[in-house]
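So the structure is just underneath, and the comments pick up after that.
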Amino acid sequence: MKKTVFYILLMVFLGGFRSYSADLRATGDVSIQYKENGLEGDKGQAVDSAFHIYLCFGQSNMEGNADIESVDTEDVDKRFRVMSVCDEDLKMGRTPGDWYTAVPPLCRYGAKLSVADYFGRTMVDNLPESCKVGVVMVAIGGAGIDCFDKASYEKYYEQADEWQKYLMGLYGGNPYAKLVEFGKKAKEHGIIKGILLHQGESNNGQADWPEKVEKIYRDLLCDLDLKEEEVPLFAGEMLSGAEGGVCAGHNEYVGMLPWLVNAHVVSSEGCEGASDGLHFTSEGYREMGRHYARVVLNKVYGIPLDMPDMPVTNIDMPDKDLEVQIGKGQKLELMAAFEDGHTEDVSYMAEYEIENTEVADIKDGEVRGFSQGRTGVKATYTDAAGKMSSLSFTLNSTCFPFGEEFIETALFGNGTYREAVRAFFPGENGQMGWKYTYGLDMSGYKYLVLKLDKVQKVGACIMLYTENNIWSDCCQYPVGGEVLVAVPLHDITYTSGELQGEPVDVSRVMIVALYAGQSGVIDVADMYLTNNDDYSPDAVPVFSMDSKASKADGIVYGLSGIRINGTDNLPKGIYIRDGKKFVVR
């Protein structure tokens, strides 16, 4: 009883015009509830700047899918709070719009352990005592990304199964609107510092997923009057392949988000998976929650969680001459050796200086190649003591890297590849080659050139797909009896599907494959893009430039060598500046 009275007096003292009530549960847990009165919406109301709020949305791994065990309900710090958003919570004594100590379930009545549980616990364990953390959650098991779109949710609802309609109905049929509604309520009490997402299993492998997430994120920022630079998105990976994750391939698309918005990827590596290949175990949820907190603490607060509080002796990489595939992200391994002798990957916490950002760039330890070429990179990691350690390496960015880690051997059939001699064995009627998560823009080049070691006798073809699906419309370009094949990129048409005979849009190629009609080997000497009419490699690489940022600082020439005047709004085309070609789209 004394404890209850103490909290009531404390909250009245701290809350100004708010009135509070405290509910002492049978477990002895005190839940602080905010009760609105006539002055609650007053513009003069003080917002607690030490109350940091995170909006959470997604499907079942955010909702919670593993059993809540006794350890999960014990000793939950009262500085970690959850706002009830669903009328179902009335069944466990929670009222929508009120804040409670974050004892699971957090999402709503009937939910289970979520990644948000140990996110919040870890946050308050590593933030000052004066800081509180709150979560506002809207999550629906099995929900596709359109379920959370402010415009697409109606169509999604119409096509959903009855059980999903029921779950959406718990949020008024419009999960996005519910998140915005309670996000606004949360802003009356604290500061929204970030948005947590775990969703993707229902959109596994869909190339438009990143753009859909981008739209929802930007809509939330707009409707909640938040600034992108102040409120990052933290997106969790699907269950990893090492844990049997059947949607682990979708993590490539999760990795695209930092290139579209102010987002950071939360790794699922080392988080134990359930037998269904989709969800985490209870311990997996705990560890994944810690992973979210680790990234948030680092990116928002500058706290290197789990990094030893000791000096770094040196940093190193397995390969200081890295090959990077354009159109596909690649994680770095930047290993820091600490004073006690152990090593850790610090790639996502390091700072990078790129000599030529037209060739490649790095965000959160992921490399993305932009154009054919090489560039030097300097990586710097600052340890807990403030000591900086640096390392220089080289990135070789290419459209068609020949390292075995880049070759997709099972686009169709189960092929094999021998890197030492660049020998492709697609099998009878098989396909193997390269996939481009972000898409490969070939529109700034005239030719795709394939050089072979000898004449092929397997009915070989080059296959180009503009969708991430080998069953989609494609262009099949025959190799025949030539050892040098130049595909005229601006003159090719689709050879199959509904678009047969139509020009191929080579500005976003998703798959380039080598096909063998008969079982046998395709011996490749080289493959590249070029603008040279003799099909030789381009001595000057082409760099793609967005038309919105196409203003030239120096003198610009057309391909014919004629100087271009008035370069503020260049029309689409290929130009030369400072000895380099660039494309305006």
Side-chain angles (χ1 to χ4, degrees), residues 54-69 72 82 85-86 102 104-123 135-148 163-164 167-168 170-171 175 179 194-206 209-210 212-213 216-217 233-255 257 263-296:
Y54 292 84
L55 307 182
C56 306
F57 74 101
Q59 56 184 110
S60 54
N61 281 316
M62 182 60 77
E63 177 187 59
N65 193 262
D67 289 341
I68 299 168
E69 300 173 355
D72 306 314
V82 60
V85 304
C86 181
L106 303 189
C107 185
R108 63 174 181 273
Y109 174 79
K112 296 185 177 182
L113 195 67
S114 164
V115 296
D117 282 279
Y118 281 76
F119 159 73
R121 286 186 173 211
T122 308
M123 291 288 290
V135 292
V136 179
M137 301 183 66
V138 174
I140 296 175
I145 194 63
D146 289 337
C147 179
F148 301 97
W163 64 271
Q164 273 228 317
L167 292 176
M168 291 180 70
L170 297 179
Y171 299 104
L179 189 59
I195 300 172
L196 274 56
L197 167 70
H198 201 288
Q199 193 279 334
E201 293 90 351
S202 293
N203 299 88
N204 183 37
Q206 295 178 12
W209 180 86
K212 289 185 175 183
V213 173
I216 294 169
Y217 170 68
L233 175 69
F234 297 92
E237 290 184 339
M238 308 302 102
L239 185 66
S240 71
E243 292 292 333
V246 296
C247 298
H250 191 73
N251 292 337
E252 283 194 86
Y253 296 98
V254 179
L257 295 175
H264 304 284
V265 174
V266 179
S267 171
S268 65
E269 292 297 324
C271 299
E272 187 177 78
S275 59
D276 62 8
L278 294 169
H279 302 102
F280 301 97
T281 63
S282 296
E283 182 51 40
Y285 279 109
R286 296 179 192 116
E287 187 61 24
M288 190 64 185
R290 297 182 190 109
H291 284 204
Y292 270 96
R294 177 176 179 172
V295 178
V296 173

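Note that the numbering runs from 1 along the sequence shown for the chain. Because the structure is a prediction, the values reported are computed rather than measured.
For S202, the side chain to side chain contact (heavy atoms under 4.5 Å, CB included) criterion is met by Q59, Q199, not counting sequence neighbours. In this structure A248 satisfies the side chain to side chain contact (heavy atoms under 4.5 Å, CB included) test together with N251, sequence neighbours excluded. Applying the side chain to side chain contact (heavy atoms under 4.5 Å, CB included) criterion to V265, with sequence neighbours excluded, gives E237, V254, P258. Legend: residues meeting side-chain hydrogen bond (donor to acceptor under 3.5 Å, both in side chains) with E201, ordered by chain and number and at least two apart, are N61. Applying the side-chain hydrogen bond (donor to acceptor under 3.5 Å, both in side chains) rule to Y118 yields the partners D72, R121; only residues at least two apart in sequence or on another chain are considered.
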**Study point:** Pair Y285-N65, side chain to side chain contact (heavy atoms under 4.5 Å, CB included): steps then yes or no
**Key:** CA-CA 9 Å; Y285 279 109; N65 193 262; 3.1 Å; yes
Review point. Given the rule in the side chain to side chain contact (heavy atoms under 4.5 Å, CB included) test, do L257 and W209 qualify, once you have shown the distances and angles that lead to the verdict?
Key: CA-CA 10 Å; L257 295 175; W209 180 86; 3.9 Å; yes
Check your understanding: E243 and C271: side chain to side chain contact (heavy atoms under 4.5 Å, CB included), yes or no, with the steps?
Key -> CA-CA 8 Å; E243 292 292 333; C271 299; 5.9 Å; no
Review point. Given R286 and D117, is the salt bridge (Lys or Arg N to Asp or Glu O under 4.0 Å) satisfied, shown in steps?
Key: CA-CA 7 Å; R286 296 179 192 116; D117 282 279; over 6 Å; no
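Under the 3.5 Å distance criterion, the side-chain polar atoms of S268 are matched with a main-chain donor or acceptor of M238. Listed for the N203 side chain is a donor-acceptor partner under 3.5 Å among the backbone atoms of I145. Panel note: side chain E287, backbone G270; no donor-acceptor pair is recorded below 3.5 Å. Under a 3.5 Å cut-off, the side chain of S114 and the backbone N or O of M62 do form a donor-acceptor pair. Counting only distance, with no hydrogens or angles, the side chain of Y292 and the backbone of L197 share a donor-acceptor pair below 3.5 Å. Judged by distance alone, with hydrogens and angles left aside, the side-chain atoms of E252 form no donor-acceptor pair with the main-chain N or O of G205 at under 3.5 Å.
What you find for G273 and T281 is that their closest heavy atoms are O-CG2, 3.4 Å. Heavy-atom minimum distance, S267 versus M288: O-SD, 3.5 Å. Looking at every heavy atom in both residues, G110 comes nearest to P105 through N-CG, 4.4 Å. Between L179 and C56, the shortest heavy-atom distance links the atoms CD1-O, 4.3 Å. In this structure, L278 and L239 approach most closely via the heavy-atom pair N-CD2, 4.1 Å.
Residues L196 and V115 are not in side-chain contact: their nearest non-hydrogen atoms beyond the backbone lie 4.5 Å or more apart.
Going from atom OG of S240 over to atom CZ of F280 covers 7.5 Å, rounded to the nearest 0.5 Å.
When F234, F148, Y171 are each tested for a ring-ring contact (aromatic ring centres under 6.0 Å, His included) with F57, only one passes: F148.
Applying the salt bridge (Lys or Arg N to Asp or Glu O under 4.0 Å) definition to pairs two or more places apart or across chains, those involving residues 56-65 are E63-R108.
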